[in-house]
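For reference, the structure is listed below as structure tokens.
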Amino acid sequence: MNKKNIVFVLFLIIGLSIVAAQSLPVYLDDSKPMDERIKDALSRMTLEEKSAIVRAQSKFSTPGCPRLGIPELWLSDGPHGVRMEIEWDSWKHAMWTNDSCVAFPALTCLAATFNPSLSYEYGKALGAEARFRKKDVILGPGVNIYRTPLNGRNFEYMGEDPYLASVMAVPYIQGVQTNGVAACLKHFALNNQEKWRGHINVEVSDRALHEIYLPAFKAGVQEGKVWTVMGAYNRFRGQFTTHHELLSKILKEDWGFDGVFMSDWGSTHDTREAALFGLDMEMGTRTDGLHYSEKNAYANYYLAQPYLDMILSGELSESSLDEKVRRILKLNFRTNMDRNRPYGSFVTDEHYDVARRVAEEGVVLLKNSQSFFPVPKGKYKKILIVGDNADRSLTVAGGSSELKVKKEVSPLQGLIAKYGAENITFTRGYTTGKSRFHPNVPDTNKSDSLRQQAVALAKQADVVLFIGGLNKNYGQDSESNDRRGYNLSFGQDRLIEELIKVNKNTGIIIISGNGIAMPWVNDVPAIMQSWYLGSEAGAALANIISGDVNPSGKLPFSIQKQLEDNPAHYFGKLAYPGDSVDVHYKEDLLIGYRWHDTKQIEPQFAFGHGLSYTNFQYGKITSDKKSYQKNETVKLSFLLTNTGKIDGAEVVQVYAGQAKPSLPRPVKELKSFKKVFLKAGESKKVEIEIPVKELAFYNDSKQVWVVESDQFTFYCASSSADIRNKIMLHVK
Ligand code: GLC
């Protein structure tokens, strides 16, 4: 080509690209600032299109704006893995053949790891699976506080302490969102029981609201920068929390939440309130199993035609609708209209590896007398495994966090792989009722024979591993219903007593998402608290039981000796489950260990408790100063030594207590923790920093957080009940 032609072609290319650049609408140009894109898109949408975008078009999607090329938003459960595809307009599974995922451990297990960096890995892997499955929002994490051990959904949440839940939720959110997938902090707020969840009215003080129930949401918004938050089904002070000043004032105005606030599925109840109290996206209305597939159901959503009518009549402003649309467009631009977001990955070895490591770091060794655990490989020829949870799938059921997995290694499979089939005998020991929806009342003669069979086998065994606990049945650890009692079901307590009578060498492994009564606690040598560990359950559990991995989990909630020792149950029915209209959180701030410390009621096992196969020695704690200004940071340090022969990890916890507060405060509150990995014999200097402003309490009459000049005690602990040393410091 001669020179003239080249110059001509160059001009042509430049000319075309200028034209092209100008013709690309601003909202489609991801090189433009977000706010300009939003403004441009909003200006192009008709009223009908704006009205359509703020509510569902199907069970788990919203319509977007097809004319403008603004895609639908697709949402999926759940907090522990990407749920199987659900039908367009029913709760039924769509029976796809390409949606079997990795099940990560339940969030109670993640909390029990006390390992924020692991939580980031968890979120990143989960988000990659959601991205690969073309989901723009994954509906987790759940951060409702564990108030009662009967709450059917505690397995989906992160325990009883707001600081632990905050610190563990933030990296999970950040990990998910690196995939260009939105996390969804839920259920905002005060959804602490499943019984009567659809309407129960929670009465709780401002102080408990701000100091116990809101912090994890505030951290998720302000530090986690979460892109969506989901409302809760229940009322608070008489109004449904899905359209409430909790979200319009506290979440959006005070905390600066700039994402999308969506309803829970069927938690919207009023058009005017939804319009004016900040509900941005209405999901699942009338999908209560009775009304779904109703004709024009979606057009009749509270935020659909009724809202449009009220705007057209002038009763409500179009600007209230615009505010919702802006937030939804921002969610589009953050997710499916960001051309640079990654493509995700699905059911990879890396994801299984994360799932297994979270499981291994979350299992809690509660009791280990006579060094029952670890059960060394090769030592025993006749290992008896007893219990339905040894080979029951625990990734299915339980409600919306149900999963369809590619792989689920059961404890039995894991133990056979570890010890060899020739050394393992399994017997079920008990049955759990006809199906997961029928009441958990097994037929007695069958369970009698199973129990007798297990006891007979136990007489001959070298060692017995009982693997039981709760399961995902209705009335156990399951959504939309609470447990009926604090004891194990299906005759497990009797079975355990009879096993231990014939074979002292019996270890107990509880799989659950809640604390349980342990009437046999003094009769057994060892107890392990395991969780719903997901796809790699058996591999992780076998590694811990055999000693190939040293347990390092700590309890994210207190386990009471009896239900009445739990603060939500101490005050009678009105405190839990309520009178079917109201429930009163009479324990106020004193939840979990805060209750045990203040009322001097000893728990069976304390919040933050967890043993290791090695031991740790805490050196003297020192601080950089003796007194601090309110804008400073307390710097503590001490030497931690692994005095045993096995590498391990210790979660050191620092609790703070104020000497003479002007308002009542718990004796101490968790203000920092660190998981420290130490080789056998190794010592490390542990440095803890606590900003003085985090010693504040909420003054409800002034509606502000206050740090008072006073003496504070910092407790350095291996659990909330195992204080290793302490130091008194002053705040001026
Ligand atoms: C359920 C749950 C919520 C879930 C949603 C969609 O009722 O409360 O956690 O994400 O509906 O399944």
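This chain uses plain numbering: 1 for the first residue, then up along the sequence. Remember, predicted model here, so these are calculated numbers, not experimental data. For ligands, and for the atoms within them, numbers begin at 1 and follow the listed sequence.
Considering every non-hydrogen atom in both I173 and L185, the closest pair reads CD1-CD1, 3.9 Å.
In this structure, ligand 1 sits under 4.0 Å from heavy atoms belonging to F60, D77, R83, W91, L139, R153, K186, H187, R197, M230, Y233, D264, W265, S400, E479.
The aromatic rings of F188 and F261 lie perpendicular to each other, with more than 60° between the two planes, well past the 30° mark. Using cut-offs of 30° and 60° for the angle between ring planes, the F557 and W531 rings count as perpendicular.
Remark: aromatic rings of H244 and F277 are distant, center separation not under 6.0 Å. Taking the centre of each ring, H269 and F240 come in below the 6.0 Å mark.
Every residue two or more places apart in sequence or in another chain that forms a side-chain contact (heavy atoms from CB on, under 4.5 Å) with N481 is listed here: Y474, R484.
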